[in-house]
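This report refers to the structure that appears directly beneath it.
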Amino acid sequence: MTAPILHCDFETHSVLDLKEVGLWNYVQHPSTDVWCMAWALGDDDPKVWLPQAYTKLPPNEVVSHITGGGVVIAHNAIFELGVWNEIMVPRYGWPRLDPAQTYCTMVQAYAMGLPGGLEDAALALGLSVLKDIEGRALMLRMARPRRFDGDKPIWWDDADKLARLYAYCHQDVRVEQTLHKRLLPLSAHERKIQLMDWAINARGVAVDIPTATAGAKMAAEVQIRAGQQLAVITEGAVTEATALTALKQWMEPKVGSPGVSLDKEAVSAWLSRDNLPDDVRQALILRQDAGKASVAKLDRMISLAGSDSRLHDIVQYHGAAPGRWAARGVQV
């Protein structure tokens with residue numbers, strides 16, 4: 001007889017924004033904790049574990065399953081792995097979850113050319129069990145503090161909201177159970193690559209933080225100087241290299257063309273013209289040079305780097321067709 005599969009899904013809260021700081025920083029932060037975990041063995045109706053319960057240890061069935069090497073399935077399982085091993089193990093005394101025990105229905109969906117999101121994958125396959133959309137809005141609200149009392153976060157912990165969140169988590173596991181039955185398993189070869197992908201994301205990529213910080217400061221200085229020069233050229237009409245609307249409004253009567261575009265290709269096309277007014281040419285060159293000094297990627301690297309000065313979880317296995325990795329957080 002085949003051993004049952006454990007399906008699980010965590011709901012969490014933190015003072016940090018998961019999308020802004022990345023998974024590694026999120027699960028490492030002391031404010032990050034769990035509201036609940038919904039779980040089910042095989043086709044059983046999901047149950048919900050609460051940290052407010054008498055014991056904070058997982059149910060006996062879960063412990064037996066994990067310590068016995070049982071398979072765990074989750075959607076976007078890298079999140080469940082992070083929460084399990086970085087929060088539940090050290091704080092709640094749960095047994096460690098080996099990535100080799102874990103399978104991800106998001107990865108399976110991507111491998112089949114389906115959308116990665118649980119809701120979208122379920123809709124694409126026409127599943128009879130669908131994600132709780134209204135509950136998702138509540139989950140996103142409860143993931144962040146209601147307000148702060150000084151430095152202390154005040155959470156959305158009203159009884160009715162908690163009950164609604166638990167129902168949402170319960171429904172997510174039901175969708176995962178149904179979705180798993182419709183997805184094809186990865187081949188043995190692809191499974192090895194996926195496990196390697198998890199190892200790569202866990203190890204991370206080193207970032208030279210001092211150099212990135214210095215580069216961001218230098219790029220910001222280039223932007224400031226470009227704005228100052230633009231103010232002189234345009235007689236105060238444009239004071240920042242990023243002020244596209246102002247630059248368009250100043251440029252249109254000079255070139256006799258309403259609705260001009262200032263994207264990368266359009267600027268190059270304007271600069272290739274022989275009859276372009278000198279002041280417009282100078283302004284566009286400044287705009288072009290300032291565009292090359294974008295600090296967005298450097299700032300993003302700095303914000304996502306962990307305490308170990310490394311970027312974690314920045315590639316998504318099978319995130320792009322046909323089976324290529326896709327960048328997450330920072331486009332490397």
Side-chain angles (χ1 to χ4, degrees), residues 5-20 23 26-27 31-53 56 58-59 61-62 72-84 86-88 91-92 94 97 102-109 114-147 153-183:
I5 291 167
L6 176 69
H7 298 269
C8 73
D9 182 62
F10 285 106
E11 300 302 339
T12 61
H13 59 84
S14 177
V15 300
L16 301 184
D17 185 323
L18 174 60
K19 289 186 177 180
E20 289 297 320
L23 176 61
Y26 184 82
V27 296
S31 75
T32 306
D33 209 342
V34 297
W35 284 121
C36 63
M37 181 189 78
W39 60 279
L41 284 172
D43 295 329
D44 292 350
D45 189 57
K47 301 174 184 178
V48 179
W49 172 90
L50 307 176
Q52 300 94 333
K56 293 186 176 181
E61 303 100 308
V62 174
V72 176
I73 289 181
H75 200 79
N76 191 24
I78 195 169
F79 177 80
E80 266 64 38
L81 266 172
V83 172
W84 192 299
E86 302 301 328
I87 297 177
M88 307 313 295
R91 298 188 202 173
Y92 294 89
W94 286 29
L97 178 58
T102 311
Y103 290 76
C104 180
T105 48
M106 175 182 281
V107 166
Q108 289 177 266
L114 296 168
L118 181 60
E119 173 192 352
D120 294 335
L123 287 170
L125 288 172
L127 300 186
S128 59
V129 180
L130 298 177
K131 191 174 176 70
D132 178 359
I133 305 304
E134 292 182 0
R136 183 176 186 275
L138 176 65
M139 176 273 292
L140 292 173
R141 178 187 297 179
M142 294 179 68
R144 302 297 304 279
R146 179 199 302 257
R147 58 183 173 84
I154 306 301
W155 305 104
W156 297 87
D157 55 0
D158 314 63
D160 59 335
K161 287 185 173 60
L162 287 171
R164 185 71 179 83
L165 183 70
Y166 303 154
Y168 166 80
C169 192
H170 178 281
Q171 179 66 11
D172 263 9
V173 171
R174 290 190 66 233
V175 178
E176 289 171 12
Q177 288 173 300
T178 308
L179 178 64
H180 171 249
K181 293 179 180 179
R182 293 288 302 277
L183 297 174

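Any value given below was found using the heavy atoms of this structure, including those in side chains, with hydrogens, waters and symmetry copies removed. All residue numbers in this chain count up from 1 along the given sequence.
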Closest non-hydrogen contact found for P51 with V34 is CG-O, 3.5 Å
Rounded to the nearest 0.5 Å, what separation is found between the CG atom of L16 and the CG atom of L23? 11.5 Å
Could you tell me whether W35 and W49 have their ring centroids closer than 6.0 angstrom? no
Rounded to the nearest 0.5 Å, the NE2 atom of H7 sits from the OG1 atom of T178 at a distance of 9.0 Å
Whether the side chain of E80 engages the backbone of C8 through a donor-acceptor N/O pair (distance < 3.5 Å, no angle test) should be reported. no
Less than 4.5 Å apart, any side-chain heavy atom of F10 and any of M88? yes
Quick one: do the T105 and H180 side chains pair a donor with an acceptor below 3.5 Å? no
Checking the side chain of R182 only, and the main-chain atoms of L125 only, is there a donor and an acceptor separated by less than 3.5 Å? yes
Within the side chain of T32, is there an N or O that forms a donor-acceptor pair under 3.5 Å with the backbone of Y26? yes
W39 and V173: CA distance, side-chain angles, deciding distance, side-chain contact (heavy atoms from CB on, under 4.5 Å) verdict: CA-CA 7 Å; W39 60 279; V173 171; over 6 Å; no
Among L130, D132, V129, D9, find the residue that satisfies the side-chain contact (heavy atoms from CB on, under 4.5 Å) test when tested with V175. V129
Under the side-chain contact (heavy atoms from CB on, under 4.5 Å) criterion, do Y92 and D33 qualify, and how do the steps go? CA-CA 11 Å; Y92 294 89; D33 209 342; 2.8 Å; yes
Please report the closest heavy-atom contact between P115 and A109, naming both atoms and the distance. O-CB, 3.6 Å
Hey, what do you get for CD1 (I87) to OG1 (T12), rounding to the nearest 0.5 Å? 7.0 Å
Please, which pairs that meet salt bridge (charged side-chain N to carboxylate O under 4.0 Å, His left out) have at least one residue in residues 168-178, sequence neighbours excluded? K131-D172
Within a strict 4.5 Å, meaning less than it, do heavy atoms of the M142 and W155 side chains meet? no
Please name the residue in the list Q171, M37, H170 that meets the side-chain contact (heavy atoms from CB on, under 4.5 Å) test with P46. H170
How far apart are the closest heavy atoms of D157 and L162, and which atoms are they? O-CD1, 3.4 Å
Interatomic distance, E11 atom CD to L138 atom CG [nearest 0.5 angstrom]: 9.5 Å
Going through the distances and angles, do I5 and L41 end up as a side-chain contact (heavy atoms from CB on, under 4.5 Å)? CA-CA 6 Å; I5 291 167; L41 284 172; over 6 Å; no
Heavy-atom nearest pair, L118 first then L179, reads CD1-CD2, 3.8 Å
Side chain proximity check, I78 to M106, heavy atoms < 4.5 angstrom: no
Mind running side-chain contact (heavy atoms from CB on, under 4.5 Å) on R144 and V15 for me, showing each step along the way? CA-CA 6 Å; R144 302 297 304 279; V15 300; 5.8 Å; no
List in chain and number order the residues that pass salt bridge (Lys or Arg N to Asp or Glu O under 4.0 Å) with R146, two or more places apart in sequence or in another chain; answer none if no residue qualifies. D158
Here the gap from Q108 atom CD to L114 atom CG, rounded to the nearest 0.5 Å, amounts to 10.5 Å
Answer yes or no: does atom CZ of R164 have more than 12 heavy-atom neighbours from other residues, nucleotides or ligands under 6.0 Å? yes
Quick check for you: to the nearest 0.5 Å, what is the distance between E61 atom CD and D44 atom CG? 9.0 Å
Can you check whether Y166 reaches L50 side chain to side chain, under 4.5 Å on heavy atoms? yes
